[in-house]
Every structure is written in C-alpha cells, then in structure tokens.
Amino acid sequence: MLNRVNGLFVDPEGRQPLVELFTAMTGQDADYHAVMARSKRDVIDLFFRSEVERLARVAGASVQDLVDLLVEMPVYRAYVTPGEPVDPVARRIVESAAPNPETARAVLYGSPEAVVRFQQTCGPVMAKGVEDTALYRWYPWPA
C-alpha cells in the first residue's frame, strides 16, 4: 500500500535514472522481482528451513519444490481450509506459483497438516522476505 501511495509523490519520468543510479551505486539487480525472489530464498534459508523441511515430509513433496513455490507465491496465503472445497482463485494462485502440479496438489488437497502448514509458512516468508528484506535492499522506486 505504501509503495502505491509513495508513487503519488514521485514523477514517473524519473524512474529509469533513479534505478540506474541505484544499481550503479549498490550493485543490486535492476529488477525488483529478482531481488524479492532472492530475499525470500534468503529468509527461507536463514529462518524457515526447518519448517519447510517438516512441510516437505508431511506433504510428500521435495524441499526444493516447496521453496520454489513459497518464493513464487504472490500473496500471504491462499486461504485453503482442509476438508473444504478449494476456492478457484486460490487454486489458480497456487498452481501458477508451483513448480509442478504434484506440489500444488500436495498443499491444496493433501493431508490437513500439509494444507495448514503451507498456509502458516506462506505469510512469514512473504513478510520477512518482502517487507523486512527486499524493501530494504531495493528502494529506488516504488515496486
């Protein structure tokens, strides 16, 4: 939200020169989404590796596939409840973020523990990876 509000105070014509100066001075990637993905991977490795490994065991999915899914999730959670029909929007979000259909099925339709743990892991990865990391690494322009 604050990125959008901040955009009201910045002239769009100045975007490219600011990004060029920022990347030249910091060595950061010019693509915010690449910085965000790297930041999410970093926080998974630093803070959430054991949770992802446990999720992999209960979901029957590979750790790497779950890391890739968590990195690509564009929202804090998909709001899936075990035993209830999966909302079509939630299904599309998870399926488009998942590296393969099996991983998507495991976190959407798997055991109740797998479904709940996936929901519980998405939010912290997004919060720490984006709000607490990527936005401090990449700041020349509202993302």
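Quick caveat: nothing in here was measured; it's all calculated off a predicted structure. Throughout, numbering of the chain's residues begins at 1 and tracks the sequence.
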Contact check, side chains of [X] and [Y], non-hydrogen atoms, under 4.5 Å:
| X | Y | result |
| --- | --- | --- |
| Asp29 | Arg38 | yes |
| Pro99 | Leu69 | yes |
| Val125 | Met73 | no |
| Tyr139 | Thr26 | yes |
| Leu70 | Val52 | yes |
| Phe118 | Val80 | no |

How close do [X] and [Y] get, counting heavy atoms only, and between which atoms?
| X | Y | answer |
| --- | --- | --- |
| Ala106 | Ala114 | O-CB, 3.9 Å |
| Tyr136 | Glu131 | CE1-O, 3.4 Å |
| Tyr79 | Gln119 | N-OE1, 2.9 Å |
| Gly110 | Val115 | O-CG2, 3.8 Å |

Taking Asp68 first and then Lys40, would you say they form a salt bridge - that is, a charged N and a carboxylate O separated by under 4.0 Å?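 A salt bridge is absent here (no side-chain N lies under 4.0 Å from a carboxylate O).
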
In terms of side-chain geometry, is the basic nitrogen of Glu102 or Arg105 positioned less than 4.0 Å from the acidic oxygen of its partner?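 Salt bridge: yes.
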
Reported [atom1]-to-[atom2] distance for the pair [X] and [Y], which is rounded to 0.5 angstrom:
| X | Y | atom1 | atom2 | answer |
| --- | --- | --- | --- | --- |
| Asp42 | Phe47 | CG | CZ | 9.5 Å |
| Ile93 | Arg77 | CD1 | CZ | 13.0 Å |
| Leu21 | Thr23 | CG | OG1 | 8.0 Å |
| Cys122 | Phe48 | SG | CZ | 11.0 Å |
| Leu135 | Met36 | CG | CE | 9.0 Å |

After noting the C-alpha distance and the side-chain angles of Arg57 and Arg117, does the key distance pass the side chain to side chain contact (heavy atoms under 4.5 Å, CB included) rule? CA-CA 11 Å; Arg57 284 192 302 276; Arg117 284 192 176 280; over 6 Å; no

For Asp87, which residues count as a salt bridge (charged side-chain N to carboxylate O under 4.0 Å, His left out) partner, sequence neighbours excluded?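 Not a single residue meets the salt bridge (charged side-chain N to carboxylate O under 4.0 Å, His left out) criterion with Asp87.
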
Hydrophobic cluster identity match, Val107 and Val75, side-chain contacts under 4.5 Å: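 They do share one cluster, since a chain of ILVMFWY contacts under 4.5 Å joins Val107 to Val75.
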
